[in-house]
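Proteins get letters first, then strands, A, B, ... in listed order; numbering begins at 1 in each.
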Amino acid sequence: MLPPSASDAEILAIGRELSDAIPSPARRPRAALDDKAMDLASQDAQLKAALFRFVDVVPACRSVDDLAAHLSGFLSEVDAKPVALEQALRLGGSRAGRAALGTAAAAGVKHMAHRFIVGESPQAAAGVLADLWKHGVTSSVDLLGEATVTSAEADAYARRCSEALTTLSRAAANWPAQPAIERDSAGELPRANLSVKVSALTPLLRADAPELGSRDAAPRLRALLRRAADAGAHLHVDMESYDSREATTDLVLGLLAEPEFADGPSAGVVLQAYLRDSPELADRLVRWVRDTPRSTPLTVRLVKGAYWDHEVVDARQHGWTPPVFEVKADSDANFEHLTRVLLGARTTGAGVRVAVASHNLRSVAHAVACNRASGHPDEDLELQVLRGLGDGLQTALASSGLRVRTYCPVGDLVAGMAYLVRRLLENTSNDSFLHEQGAGVPLERLLAAPGGAT
Amino acid sequence: MSLPAFVNEPVLELRRAAHRNALLSALKDLDASGPVRVPVWIGSDRRDADDPISTDPGNPDRVVAIGATATAADVPRAVEAGERGFTEWSRLPATGRAQALVAAASWLRERRHQAAALAVREAAKPWAEADADVCEALDFLEYYARGAVALEGGESLLVVPGERNEMRYRPRGIVGVIAPWNFPLAIPLGMVAAGLATGNAVVLKPAEQAPGCAAFLVEALRAGGVPAGAIALLPGEGDVGAALVRHPGVHTIAFTGSGPVGLEIVRAAAETPPGARHLKRVVAEMGGKNCVIVDADADLDDAVPGVVRSAFAYAGQKCSAASRVLVHESIADTFTQRLAGAVATLQVGQAERFGVDVPPVIEADAQARVRRYADAARRAGTLVAVREEGVEDVGWFCAPTVVAGLPGDAPVLFEEVFGPLLTVEAVRDVDAACDRIDELPFALTGGLYARNPHTVEHVVRRSPVGNLYVNRSITGAMVGRQPFGGNRLSGTGTKAGGPDYLLHFVEPHVVTENTVRHGLII
């Protein structure tokens, strides 16, 4: 059953409060500068492509000379170059110039990467995570790495995840008590929280043979679930492209239904609102929770979805109807519908825990308002943001007494590049909330119901 | 009749269970209905027999097709029938012929699951590949139908007052099609459709390994309205093909297959036997020794799976498949190690099982040939990976194998193996890789993984191949998107599924009419 919906007035009020609580750019000059750079890049499609291609190739470059050669190669394909880039290109003409250009470019990329990646290892990230915790912010760690194409790579990723669970839970044991963020009505919330990707746990994900990938990943994920249970940590399984959705869903729900996991660990899945058929998956999840005897709630993270471009291009190349909504407002409206479906699926004791992961102020305010309207305290709703992109919102949520979890990529900057590029693409797309917010679209319009104000 | 613009036939969205189940049920129906019947089919004369003529490569005891076998003696009859059919068929305007081809496409589209199942059984094509084969077959029908309509409009020429100049294209006569088994639907139908769309009559000699698929195609064409006389089916052995090539009544030979056979066809077609009144034209698509260059800045997350797919999908039995990787020495160790690991995850098994990458090869001879090359390569070089798991005793399985460290003159580096065998060579730089590619007599497909735009441009300029793929796998050419065909000894440089392919099936005629009478322009 859907919980009562919230009025637009309430949503607007919450949205205003949150917006006011977002630190102004003046208070974070460095981030503001980065935002400007991304803004510049997003204005010109060719330039954006050139810069992303450069960021993408940095890990494979062997020297500063090589870096400069790539950068000037990509930039030479941009028709209308800003003055600064013309100058950069001229530098590429001499060896000394290339050294300067390559060094500067590498430093620039590294600087950007630091904004998104909290540490090169869980150990190294522990300081940042503890600091977040002190500020009333929980985290979920995501281990970055190259794609898994061999069984050895799947094993290595599983091993890193297992070690991360140990490291994170040990580190978290020393954190001070924060009652507001480590309990909800359903009980205690694990402090250590790790997000894992099935595509990294098996090299055998095949769209036309989902059971192949889920069968191969199962032993590795089972071992991680055991480790998480032992360590008292939460294990969240991310959702990726549509090609792997069936394998991922079957795998996670199958394993969590095994008797040995009836009492834990705390675990979760992801629902992608941009998928047209996400309401069916939501129903399946709700039914599964109802019919599966588990004493631990299933956390469902509701996201818009990060593979929109991939899904649309892939579908177009094959002549298929894209599995995603092609109009953003449809996606946003579905996001709100699913928010209510999930909030309505919470029962006392074992049930669903809802985590709404969005940088869209309207979606967040809507979730908060609906949660309140359903009579639940604020701590029964988790809000999630991405490190580096949702930092302002994270501060606003925490200072408003809402429970926020920040998704924190961990790994070396080199391996993190692909991840970085994808996040940047998402953030600089012209209809992204962050982009509109930065471009000065009025708050009333940003907070209007999806499709309601154009 | 005006046709909507061409679009590629969408492959089945096999990530959805409903589509997978539909294919599995079509296979069940095919198995339940017993072997398909293949006639020698000349005009309305249909000769049937009960001899087993094709078997399942994954289970050689299972007969897939039964039927009659044509002999060289059937060739003159087929050509004569074709001459009569030609008169009727070539008289139709291109739109009329296009209508028949499009109707044949509709017939085939309605039976796409059945067609894919047949390719799974007869050629051991894994489902996704079998379905793609059906789609490509449909694409050829639709694309050439439209191309022929456009071609009928002719070319515009310079015009001066008092003179009318026209250039038109006319069919040549009889096209003999000699087809391979590896794309048992798309390739025969592509060559046949090109001949028919342009108004020729066609005699099809399918591969002896896949006559069932060919009979299905001829059924589709006739159901679509192609007159019986315009398309004949001669299932048989090499002697039938040889007789077809030599017959003085055949105008054009369209061939896809091995290099030696192709060269023999070119030689035989060059002769003008007594009574011949035309030069035979040959459209040939032959072998390759396709190389992929992996530069130091390649994204190995893409390159490793891309190379594995290019080399081992359908057990490497595609003309476009990769057989050599030339990798920059600075990343050769990492690349080779990840490649070995990826090859160890290949799914070897029966084509009918979803997820299988490497099915059995087509026949016993192929198995013996691949194993012979693999053994020789392993003796001469260093074994990088061999995937034995899934290799069954029944069925013509070959274990996917990767070998490195071969001497520069090893035969396996120069000869086409047509099976799941890949060699790896470390090179100093991209130019060294290009030099080695230049030594080859073949130039069909090639691949490049590199991210520096200058490198890409440089290799594009140097590469001799007909189809170069940058930062992607090197198989899976699509009609209208990647017109396909090789240069050098890989073929006649013709591009199937491309805008100029039909020109090989027609003769240009130029008419100049004087329109001045007594000083007046009329």
Discussion item. Could you walk me through whether R20(B) and E211(A) satisfy the salt bridge (Lys or Arg N to Asp or Glu O under 4.0 Å) test, starting with their C-alpha distance in whole Å, then the side-chain angles of each, then the deciding distance to 0.1 Å, before giving a yes or no?
Written reply: CA-CA 13 Å; R20(B) 300 196 292 271; E211(A) 67 290 346; 5.3 Å; no

Discussion item. Quick check against the 3.5 Å criterion: does D208(A) have a side-chain atom that pairs as donor or acceptor with the backbone of R15(B)?
Written reply: no

Worksheet item: Which distance, rounded to the nearest 0.5 Å, do you find between the CG of D297(B) and the NE2 of H70(A)?
Response: 3.5 Å

Practice prompt. For residues P323(A) and R16(B), determine if any side-chain heavy atom of one lies less than 4.5 Å from a side-chain heavy atom of the other.
Written response: yes

Discussion item. Could you check whether any side-chain heavy atom of E146(A) comes within less than 4.5 Å of a side-chain heavy atom of L300(B), counting everything from C-beta outward?
Written reply: no

Worksheet item: How about E389(B): does its CD atom have over 12 heavy atoms from other parts shown lying under 6.0 Å from it?
Response: no

Discussion item. To the closest 0.5 Å, what do you measure between NE2 (H454(B)) and CD (E77(A))?
Written reply: 7.5 Å

Worksheet, complete the sentence: Under 4.5 Å to a heavy atom of chain B? For R53(A) that would be side chain

Worksheet entry | Contacting region of T455(B) [heavy-atom separation from chain A under 4.5 Å] | neither

Discussion item. Rounded at 0.5 Å granularity, tell me how far CD in E13(B) sits from CG in D243(A).
Written reply: 8.5 Å

Discussion item. Using heavy-atom distances under 4.5 Å, tell me whether A344(B) contacts chain A through its side chain, its backbone, both, or neither.
Written reply: neither

Worksheet entry | Closest approach of R451(B) to A60(A) (non-hydrogen atoms, all atoms of both residues) | NH2-CB, 3.3 Å

Discussion item. Can you confirm whether H328(B) sits close enough to R62(A) that some side-chain heavy atom of one is under 4.5 Å from a side-chain heavy atom of the other?
Written reply: yes

Worksheet item: Can any side-chain N or O of R206(A) pair as donor or acceptor with the backbone N or O of G355(B) at less than 3.5 Å?
Response: yes

Discussion item. What part of L346(B) gets within 4.5 angstrom of chain A, counting heavy atoms only: side chain, backbone, both, or neither?
Written reply: neither

Response to the item:
Correct closest heavy-atom pair for T345(B) and T150(A) would be CG2-CA, 4.3 Å

Worksheet item: Which answer fits R481(B), side chain, backbone, both or neither, if we ask what part of it has an atom under 4.5 Å from a heavy atom of chain A?
Response: side chain

Discussion item. Strictly distance-based, threshold 3.5 Å: is any side-chain N or O of R338(B) a donor or acceptor partner for the main-chain N or O of E153(A)?
Written reply: no

Worksheet item: Got a second to check how far D66(A)'s CG is from N452(B)'s CG, nearest 0.5 Å?
Response: 7.5 Å

Worksheet item: Highest number of heavy-atom pairs under 4.5 Å with chain A: which of A340(B), A128(B), A296(B)?
Response: A296(B)

Fill in: W320(A) (side chain) donor-acceptor with V11(B) (main chain) under 3.5 angstrom
yes

Discussion item. To the closest 0.5 Å, what do you measure between CD (E9(B)) and NE2 (H318(A))?
Written reply: 13.5 Å

Worksheet item: Which pair of heavy atoms, one from P305(B) and one from V149(A), lies closest together, and at what distance?
Response: CG-CG1, 3.7 Å

Discussion item. Tell me which of these, S76(A), C61(A), A152(A), P210(A), has more heavy-atom pairs under 4.5 Å with chain B than the rest.
Written reply: P210(A)

Worksheet item: For atom CZ of R428(B), is the number of surrounding heavy atoms from other residues, nucleotides or ligands below 6.0 Å larger than 12?
Response: no

